[in-house]
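Input: a single structure, listed below in structure tokens.
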Amino acid sequence: MLAAVVLVLLVVLAGFSSDTRLVGAALLALVSVAWLLVNKPMEGVVLVAVSEGKGLTGGDLAGIAGLMVAGFRATQELCARRRQR
């Protein structure tokens with residue numbers, strides 16, 4: 001149940017991160033890390049094995065994508081703030 005709630009938050013924050021600017025990007029990054037910690041019930045197949053039983057799974061991709069979107073949004077916002085100076 002917790003994993004499902006975190007995943008919904010991740011998707012919603014990703015959708016609104018451009019409207020909520022830097023705070024939205026920070027929240028998205030936080031929820032993306034939370035997803036990586038709680039996604040065990042929804043992980044799926046190991047795509048890239050790191051060691052026996054450990055690796056990158058399909059479920060991890062949502063957290064990684066969330067972190068990438070958060071980084072992109074934060075960079076956009078910080079560049080826009082610099083241009084306004």
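For the single chain, residues carry numbers from 1 onward in sequence order.
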> With a cutoff of under 4.5 Å between side-chain heavy atoms, which Ile, Leu, Val, Met, Phe, Trp and Tyr residues group with V50?
Replying inline: none
>> Show me the pairs that pass side chain to side chain donor-acceptor pair (under 3.5 Å) and involve residues 50-66, at least two apart or across chains.
In response: N39-D60, T57-D60
>> Under the side chain to side chain donor-acceptor pair (under 3.5 Å) definition, can you give me all pairs with a residue in residues 1-11, not counting sequence neighbours?
In response: none
Which atom pairs, one a donor and one an acceptor, fall under 3.5 Å between side chains of residues 4-12 and the rest of the protein, sequence neighbours left out?
none

> How long is the span from the CH2 atom in W35 to the CG atom in L2, to the nearest 0.5 Å?
Replying inline: 9.5 Å
Indicate every side-chain donor-acceptor pair of residues 64-76 with a distance under 3.5 Å to a residue at least two apart or in another chain.
unit_1: R73; atom_1: NE; unit_2: S17; atom_2: OG; d: 3.1
unit_1: R73; atom_1: NH1; unit_2: Q76; atom_2: OE1; d: 3.4
unit_1: T75; atom_1: OG1; unit_2: G71; atom_2: O; d: 2.8

> When clusters are formed by joining ILVMFWY residues with side-chain heavy atoms under 4.5 Å apart, either directly or through shared neighbours, do L22 and L13 land in the same one?
Replying inline: no
>> Tell me whether F16 shares a hydrophobic cluster with V23, the cluster being built from Ile, Leu, Val, Met, Phe, Trp, Tyr side chains joined at under 4.5 Å.
In response: no
> Among pairs that include at least one residue of residues 29-40, which meet salt bridge (charged side-chain N to carboxylate O under 4.0 Å, His left out), considering only residues two or more places apart or in two chains?
Replying inline: K40-E43
>> Applying side chain to side chain donor-acceptor pair (under 3.5 Å), can you list everything that pairs with T20, at least two apart in sequence or on another chain?
In response: none
> Which pairs count as salt bridge (charged side-chain N to carboxylate O under 4.0 Å, His left out) when at least one residue sits in residues 5-17, sequence neighbours excluded?
Replying inline: none
>> Is there a continuous path of hydrophobic side-chain contacts, each under 4.5 Å between heavy atoms, that joins L27 to V38?
In response: yes
Got a list of side-chain donor-acceptor pairs under 3.5 Å for residues 77-85, not counting sequence neighbours?
unit_1: E77; atom_1: OE2; unit_2: R81; atom_2: NE; d: 3.1

